[in-house]
Amino acid sequence: QKHHQTYVTNYNKAVEQLFQALNKVDTSTVVQLQGAIKFNGGGHVNHSIFWKNLAPVHEGGGEPPHSSLGWAIDTHFGSLEALIQKMNAEGAALQGSGWVWLGLDTEFKRLVVETTANQDPLVTKAPTLVPLLGIDVWEHAYY
């Protein structure tokens, strides 16, 4: 209600400023606002996925993946344990703050592990990547 809301509030503010700048044909301000839009919009997108990933068992969370996702994990990573180790290693190697993702590459029809800096959403890596699981690798994630 506070942490996530800050991203939404700042994104909405930046988009409003963007529309004003576009109406004035103020190119400098349009360019300047891109960082705030990416950071805060990404913060909203990433955390929307993150909160769903934290679902309790009675809401479908907390269980190892079965069926097609479980099979895909075994096929692409060898086992769930190997995927967990890979995601932990990628997250630990991330310099600064960001996210480690389990994604589906729709072009190559395979699961991938990727990292993104700051609040960059997974789609900034490639438009064919769909996030399945995002892990927050920010300093506050360790508190």
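This one's a predicted model, so the numbers in the text were calculated from it and none came from an experiment. Heavy atoms only: backbone and side chains are in, while hydrogens, waters and symmetry mates are out.
- A search for side-chain contact (heavy atoms from CB on, under 4.5 Å) contacts involving His4 returns Val8, His44, His47, Ser48, Trp51, not counting sequence neighbours.
- For residues 32-46, the pairs satisfying salt bridge (charged side-chain N to carboxylate O under 4.0 Å, His left out) are Lys38-Asp120, with sequence neighbours left out.
- Not counting sequence neighbours, the partners of Pro64 by the side-chain contact (heavy atoms from CB on, under 4.5 Å) test are Leu80.
- Pairs engaging residues 15-36 under the side-chain hydrogen bond (donor to acceptor under 3.5 Å, both in side chains) rule: Asp26-Thr29 [sequence neighbours left out].
- Across all non-hydrogen atoms, the minimal contact from Thr116 to Lys125 is CG2-CG, 3.9 Å.
- Under the 4.5 Å side-chain contact rule for hydrophobic residues, Leu83 and Val137 share a cluster.
- Residue pairs that meet the salt bridge (charged side-chain N to carboxylate O under 4.0 Å, His left out) test with at least one member in residues 73-94, sequence neighbours left out, are Lys86-Glu90.
- Going from atom CG of Leu132 over to atom CG of Leu102 covers 5.0 Å, rounded to the nearest 0.5 Å.
- Residues Leu129 and Glu107 fail the side-chain proximity criterion, which asks for heavy atoms closer than 4.5 Å.
- Leu104 contributes atom CG, which lies 8.0 Å from atom NZ of Lys109 (distance to the nearest 0.5 angstrom).
- Linking Ile, Leu, Val, Met, Phe, Trp and Tyr residues whenever their side-chain heavy atoms come within less than 4.5 Å places Ile73 and Ile135 in a single cluster.
- To the nearest 0.5 angstrom, Phe39 atom CZ is 10.0 Å from Asn46 atom CG.
- By the side-chain contact (heavy atoms from CB on, under 4.5 Å) test, Pro131 pairs with Ile49, Trp101, Leu122, sequence neighbours left out.
- Hydrophobic clustering (side-chain heavy atoms under 4.5 Å, transitive across Ile, Leu, Val, Met, Phe, Trp, Tyr) keeps Phe77 apart from Phe108.
- Across Val45 and Pro121, no two heavy atoms sit closer than the pair CG1-CB, 4.4 Å.
- For Leu69 against Leu111, the heavy-atom pair with the smallest separation is CD1-CD1, 4.2 Å.
- For Tyr11, there are no ring pair (Phe, Tyr, Trp, His ring centres under 6.0 Å) partners two or more places apart in sequence or in a different chain.
- With sequence neighbours left out, Phe50 forms a ring pair (Phe, Tyr, Trp, His ring centres under 6.0 Å) with Trp99.
- Residues passing the side-chain hydrogen bond (donor to acceptor under 3.5 Å, both in side chains) test with Thr128, sequence neighbours excluded: Asp105.
- Leu22 pairs by the side-chain contact (heavy atoms from CB on, under 4.5 Å) definition with Leu18, Phe19, Val30, not counting sequence neighbours.
- The CD atom of Gln119 sits 11.0 Å away from the OG1 atom of Thr124 when rounded to the nearest 0.5 Å.
- By the criterion of side-chain heavy atoms lying less than 4.5 angstrom apart, applied directly or through intervening Ile, Leu, Val, Met, Phe, Trp or Tyr residues, Leu33 is grouped together with Val15 in one hydrophobic cluster.
- For residues 54-72, no residue pair satisfies the side-chain hydrogen bond (donor to acceptor under 3.5 Å, both in side chains) rule, not counting sequence neighbours.
- Qualifying side-chain hydrogen bond (donor to acceptor under 3.5 Å, both in side chains) partners for Thr9, counting only residues two or more places apart in sequence or in other chains: Gln5.
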